[in-house]
Asker: 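Have a look at this one.
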Amino acid sequence: MIRITFPDGSVREYEKGVSSYDIAMSISPRLAAEVYAATVNGEVRDLSRPVESDATLRLHKWDDPEAKHAFWHSSAHLMAEALEALYPGMKFGIGPAIENGFYYDVDPGEGKVITDSDLPLIEAKMKELAAQNSKIIRSEVSKKEAMEIFGAKGDEYKTELISELEDGTITLYRQGNFTDLCRGPHLPDTSPIKAIRVLSLAGAYWRGDEKRRMLTRIYGITFPKQKQLEEYITLLEEARKRDHRRIGKELELFAFSPKVGMGLPLWLPKGADLKQRLIDFMTKVLKERGYVMVSTPHIGNVDLYKTSGHYEKYGADSFRPITTPQEGEVFMLKPMNCPHHCEIYNATPHSYKDLPLRMAEFGTVYRYEQSGELHGLTRVRSFTQDDAHHFCRPDQLKEEFKSIIDLVQYIFKVGGFSESTAQISLRDPENKQKYIGSDENWEKAEKAIIEAAGEKKLVTTIAMGEAAFYGPKLDFMVRDAIGRKWQLGTIQVDYNLPERFELTYMGNDNQKHQPVMIHRAIFGSMERFVAVLIENTSGKFPIWLTPDQVVILPISEKFNDYAKTVFKFLNNSDIRTLIDDRNEKIGKKIRDNELKRIPYLLVIGEKEVESGTVAVRRQGEGDKGAMKPEDFIALVKGEVAAEIKV
RNA sequence: GCCGAUGUAGCUCAGGGGUAGAGCACUUCCUUGGUAAGGAAGGGGUCAUGAGUUCAAUUCUCAUCAUCGGCUCCA
């Protein structure tokens, strides 16, 4: 007998070799039906795997990530089984569970393609196979056996993976006629997979290496219940409605033109107004916090970027150099503001008493992003950073860094980004040639970030190899409507540019010293911030940003959805009166039968301002017909609170 | 840049070898104080661009441009 300890501390005895599934059954059959994986002694395992000794046990129901992971991983295998049945000779790469669902990377073979029209076929086959309730069977094999099995199939992707595994650690999972190399864990059988949707196709490089073959990645998602699938699909559709590209068009905030060029956003009047409000707000906050504003040109001599190291690193992938009538004179469209700011620093002498110097600029930069990477306002080729550089003494570094964390948190709170995540991006220790600067400087910089984040009690993840080439950074990420993560705020510690630009200050010892530089952006870029702001608010911007935004939601359920989609972002001058019963002048001009009364709720930002009834003109002199959105816009009396106190 | 898809009226989209349709929006008129009002009439598209096949192409082929979903990249 063995002793099993449950999360609540209770202990039960079972026969040696009992499976987690049987244990669940012993508690209740209903529990067993809802459990998809188990954590045994801290290791997530198949439910069907025997437990051989005393152990702690947690059973995972659907709401646990471990359960979803096993469920979707098994679903990926199911999809592979369907693919193998439908397209004999198909080769398989990897097929993991992901945050929402799963995918499988496959190679359909030379000259063959999978297209969108195949997706329903795959889905149907998966349903057919799932209904067979095949057992999913785990087996341990030697490296040699594994190589023989997949070698015989000619599956070079699997054999490549196996060749890198250690003998004795290789496991296979089989269901029906399909066997896959896999670590698990999996469901005991395919029967719980009831609701299936094959979502989309994409290309993906084998092992993420753009020099290697591109495989076809097939995405799917599954659920135990059909209703859950329907809810998920609805959620996706709702999210798509919040897409900033869609709302930006509806609200006439920004546009793109092929004639101007891809990735070069055009700010329409209302969008430019919104952007300017953000800049004004940020400028005010920065001045309160001791920043000075500077301004620099959109181009710089190529030597500037050679000094900074950017030219060597990115020169080949940038917009081409600008030449002049002067032989040998070359400029670059500025891809970042830092080198310019360094030269501003160098323009005047500095005393230790003057530091820290906080230098800020809303600087527009140009980067030649790969065409396929462009995405609405979140990834563009021309964007305006709310950039700043702190030049400080080494002893001030940590406090400066912490003060910027405060600023980021303040702005995100005001902007309503409650769900941002923080990531510390460090140098890849295996790949040091990607970075400039001495080990000593890197160690100091990384230590400063980790400590500052720790002292601010920031919850962070650490990403190795994600650092900028000149220094480590702390990034603040926010998700967009469809769950993609975007970096907004970033704080970077840099010992290298001060060295390269020979920045100095006079210390109290009357000797020259080198300052430390902190690069930082809070919004990240105006473009990306506006994009994420739109998606977070569905275009209903916070009051402090849009004191003029007026939304009237007539109190009628049927009308509500419509009204929500037509709210407008308006300037005061644009606010057209309605024919308010308070407005006798206009009222007199209109015949009684041209008026209609509608109950309404006036909403400004998130705040209900007033409700009542309003008479609207349906048609008549100068009117453009019935029920234009503007007809529902009432005049707001007086100023609306211009700022939220946080 | 790579893989796949898409590109038809302001918007959402249908169609299909013989030079185009719907809903919403827009214009005009009529009707109507009941919750995105109803009715009638009307304006608007060289069907992304270029070339090829054909008696004939918006519809087929190819190329280009742009967009979308991913991959790679992201100072």
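A, B, ... follow the sequence lines: proteins, then strands. Residue 1 opens every chain.
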Asker: Could you check which nucleotide pairs with B/C11 in any of the strands shown, counting Watson-Crick or G-U wobble with both distances under 3.5 Å?
Answerer: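 Paired with B/G23.
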
Asker: Examine the base of B/C68 for any acceptor or donor lying under 3.5 Å from a partner atom in the side chain of A/Arg245, and report the outcome as yes or no.
Answerer: no

Asker: Considering every strand shown, what is the Watson-Crick or G-U wobble mate of B/U67 when both distances are under 3.5 Å?
Answerer: B/A5

Asker: Quickly work out the A/Arg379 CZ to B/A75 P distance and round it to whole Å.
Answerer: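 In whole Å, B/A75 P lies 8 Å from A/Arg379 CZ.
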
Asker: Would you measure the distance from the P atom in B/A48 across to the matching atom in B/U58 and give it in whole Å?
Answerer: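 Nearest-Å result for B/A48 against B/U58 at atom P: 10 Å.
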
Asker: Any strand counts, and the cut-off is 3.5 Å on both contacts for Watson-Crick or G-U wobble. Which nucleotide pairs with B/C73?
Answerer: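 B/C73 is unpaired by these criteria.
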
Asker: Record whether the side chain of A/Tyr205 comes under 3.5 Å of the base of B/G70 through a donor-acceptor pair of N or O atoms.
Answerer: no

Asker: Rounded to whole Å, please give me the gap between OH in A/Tyr435 and C1' in B/A75.
Answerer: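 Rounded to the whole Å, the gap is 13 Å.
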
Asker: RNA chain B: A/Lys249 or A/Asp116, which has the more 5' nearest nucleotide?
Answerer: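 Checking each residue's closest nucleotide, the 5'-ward one belongs to A/Asp116.
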
Asker: In whole Å, measure the gap between the C1' atoms of B/U54 and B/U61 for me.
Answerer: 12 Å

Asker: Less than 6.0 Å separating the ring centroids of A/Tyr311 and A/Tyr305?
Answerer: no

Asker: Can you check the distance between B/C13 and B/U8, where both ends of the measurement are the C1' atom (answer in whole Å)?
Answerer: 9 Å

Asker: If I pick the P atom on B/A25 and the same atom on B/U12, what distance separates them, to the nearest angstrom?
Answerer: 15 Å

Asker: Within the 4.0 Å heavy-atom criterion, would you say A/Gly372 contacts the bases, only the backbone, or no part of the nucleic acid?
Answerer: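 Touches a base.
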
Asker: Roughly how far apart, to the nearest Å, are B/U59 and B/G50 at atom P?
Answerer: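 Comparing P positions in B/U59 and B/G50 gives a spacing of 12 Å.
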
Asker: Quick check for you: among B/C71, B/G4, B/A75, whose closest atom lies nearest to any side-chain atom of A/Ala468?
Answerer: B/A75

Asker: Below the 4.0 Å mark, does B/C2 have OP1 or OP2 next to a side-chain nitrogen or oxygen of A/Arg212?
Answerer: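 Looking at the OP1 and OP2 atoms of B/C2, neither is under 4.0 Å from any side-chain N or O of A/Arg212.
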
Asker: Between B/C73 atom P and A/Lys211 atom NZ, what is the distance in whole Å?
Answerer: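 It is 9 Å, rounded to the nearest whole Å.
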
Asker: What I want to check is whether the side chains of A/Asp105 and A/Trp206 have a donor and an acceptor closer together than 3.5 Å.
Answerer: no

Asker: Would you mind telling me which of B/G4, B/A66, B/G70 lies closest to the side-chain atoms of A/Thr115?
Answerer: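 Nearest listed nucleotide: B/G4.
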
Asker: Can you name the nearest heavy-atom pair linking A/Cys392 to A/Ile518, along with the distance?
Answerer: SG-CD1, 4.5 Å

Asker: Could you check A/Met526, A/Arg528, A/Glu527 and say which one makes a side-chain contact (heavy atoms from CB on, under 4.5 Å) with A/Leu377?
Answerer: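 Testing A/Leu377 for a side-chain contact (heavy atoms from CB on, under 4.5 Å) against A/Met526, A/Arg528, A/Glu527 leaves exactly one candidate, A/Glu527.
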
Asker: Can you tell me how far P of B/U67 sits from CG of A/Leu374, to the nearest Å?
Answerer: 7 Å

Asker: Does A/His375 have a side-chain nitrogen or oxygen under 4.0 Å from the phosphate oxygens OP1 or OP2 of B/G69?
Answerer: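 For B/G69, OP1 or OP2 has a side-chain N or O of A/His375 closer than 4.0 Å.
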
Asker: Taking only side-chain N and O atoms of A/Lys259, does any of them lie within less than 4.0 angstrom of OP1 or OP2 on B/A66?
Answerer: no

Asker: Using the C1' atom as the reference point in each nucleotide, state the distance between B/A5 and B/A37 in Å, no decimals.
Answerer: 41 Å

Asker: Are any of A/Arg213's side-chain N or O atoms less than 4.0 Å away from OP1 or OP2 of B/C3?
Answerer: no

Asker: In a check of side-chain contact (heavy atoms from CB on, under 4.5 Å) between A/Met517 and each of A/His390, A/His389, A/Gln492, A/Met359, which one passes?
Answerer: A/His389

Asker: Rounded to the nearest angstrom, tell me the gap between atom OH in A/Tyr470 and atom C1' in B/C74.
Answerer: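 Whole-Å distance recorded here is 12 Å.
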
Asker: Closest-nucleotide mapping onto RNA chain B: is A/Ala204 or A/Phe256 further toward the 5' terminus? I mean the 5' end.
Answerer: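 Of the two residues, A/Phe256 wins.
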
Asker: May I have the distance from A/Asp209 (atom CG) to B/G1 (atom C1'), rounded to whole angstrom?
Answerer: 14 Å

Asker: Categorize A/Met262 for me: base, sugar-phosphate, or nothing, with a 4.0 angstrom heavy-atom threshold over every strand shown.
Answerer: sugar-phosphate

Asker: Between B/A63 and B/C3, how far apart are the P atoms? Round to whole Å, please.
Answerer: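 12 Å, rounded to whole Å.
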
Asker: Distance between the P atoms of B/G17 and B/A57, in whole angstroms?
Answerer: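 Here B/G17 and B/A57 have their P atoms 15 Å from each other.
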
Asker: Testing the basics here: between A/Phe256 and A/Gly376, what is the closest heavy-atom pair and its distance to 0.1 Å?
Answerer: CZ-O, 3.3 Å

Asker: Should A/Tyr314 be counted as stacked on B/A75, where stacking needs a ring-centre gap under 5.5 Å and an angle between planes under 30 degrees?
Answerer: yes

Asker: If you measure from the Lys or Arg side-chain nitrogens to the Asp or Glu carboxylate oxygens, is any gap between A/Asp439 and A/Lys444 under 4.0 Å?
Answerer: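 Result for this pair is no, no salt bridge flagged.
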
Asker: So A/Ser371, base contact, sugar-phosphate only, or nothing? Heavy-atom distance under 4.0 Å.
Answerer: base

Asker: Indicate whether the side chain of A/Asp107 and that of A/Tyr157 have a donor and an acceptor atom separated by less than 3.5 Å.
Answerer: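 Yes, A/Tyr157 and A/Asp107 have a side-chain donor paired with an acceptor closer than 3.5 Å.
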
Asker: Within the 4.0 Å heavy-atom criterion, would you say A/Val113 contacts the bases, only the backbone, or no part of the nucleic acid?
Answerer: sugar-phosphate

Asker: Over how many whole Å does the gap from A/Arg520 atom CZ to B/A75 atom P extend?
Answerer: 17 Å

Asker: Whole Å only: how far is the CZ atom of A/Arg217 from the C1' atom of B/C2?
Answerer: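 Checked: the CZ to C1' distance equals 13 Å.
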
